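All of these numbers come straight from a predicted model, not from anything done at the bench.
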Amino acid sequence: MTGATAMAAVGHHSVFATSLLALLALGMAHSLTVEIQRQAHRRSGRWERHDVINTVLLASWAVGSLTIAALPYPSRPIRVLGLMLALSYAFACAYFVAERRRAVAAPLSTAPSVSESSPV
């Protein structure tokens with residue numbers, strides 16, 4: 001969705017529409033980053049099927065964006081945007097893998113919960 005919004009922002013729109021769509025794409029990119037962090041820091045103790053699916057999805061979006069950037073018939077702004085999205089998705093994939101590996105390697109915390117630590 002972030003890529004489609006960014007693609008819509010590149011074109012023959014007014015400055016207001018372009019800036020509004022660019023801000024929307026920026027907000028969606030932030031949401032994607034927060035969701036990647038949330039998924040990566042799930043406590044399970046090992047690499048699971050969900051992690052493989054997340055990695056494959058991010059990598060396939062990077063490859064898809066790179067394919068659009070490499071095609072000869074899109075306009076120059078679309079090709080540049082495709083390249084930027086390919087780099088962004090590749091970094092997001094690498095970030096997810098690094099964060100997930102860090103979360104899997106971390107020992108499970110044995111901190112007491114809030115209800116256990118407060119006397120009633």
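With values rounded to the nearest 0.5 angstrom, R38 atom CZ is found 13.5 Å from T33 atom OG1. Taken to the nearest 0.5 Å, the CZ atom of R100 stands 6.5 Å off from the CD atom of E48. In this structure, CZ in R101 is found 12.0 Å from CG in D51, a value given to the nearest 0.5 Å.
Nearest heavy-atom pair across A92 and I36 is CB-CD1, 3.7 Å.
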Side-chain polar contacts of residues 58-65 - donor-acceptor pairs under 3.5 angstrom, sequence neighbours left out - could you list them?
from: S60; atom 1: OG; to: V56; atom 2: O; distance (Å): 3.1
from: S60; atom 1: OG; to: L57; atom 2: O; distance (Å): 2.9
from: S65; atom 1: OG; to: W61; atom 2: O; distance (Å): 3.0

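For the salt bridge (charged side-chain N to carboxylate O under 4.0 Å, His left out) condition, no pair includes a residue of residues 59-75, sequence neighbours left out. Identified under the ring-ring contact (aromatic ring centres under 6.0 Å, His included) test for residues 18-59, with sequence neighbours left out: none.
Cluster membership check: V34 does not share its hydrophobic cluster with Y89, using side-chain heavy-atom separations under 4.5 Å among Ile, Leu, Val, Met, Phe, Trp and Tyr.
The other residues sharing a hydrophobic cluster with L66 are L83, where clustering joins ILVMFWY side chains under 4.5 Å apart. Hydrophobic side-chain contacts under 4.5 Å tie Y73 into a cluster, directly or through other members, with L71.
For R42, the CZ atom counts as densely surrounded, since its 6.0 Å shell holds more than 12 non-hydrogen atoms of other residues, nucleotides or ligands.
Under the rule for a side chain to side chain donor-acceptor pair (under 3.5 Å), R76 has no partner lying at least two apart in sequence or in another chain.
Proximity of a side-chain donor or acceptor of R102 to a complementary backbone N or O of V97 within less than 3.5 Å is not detected.
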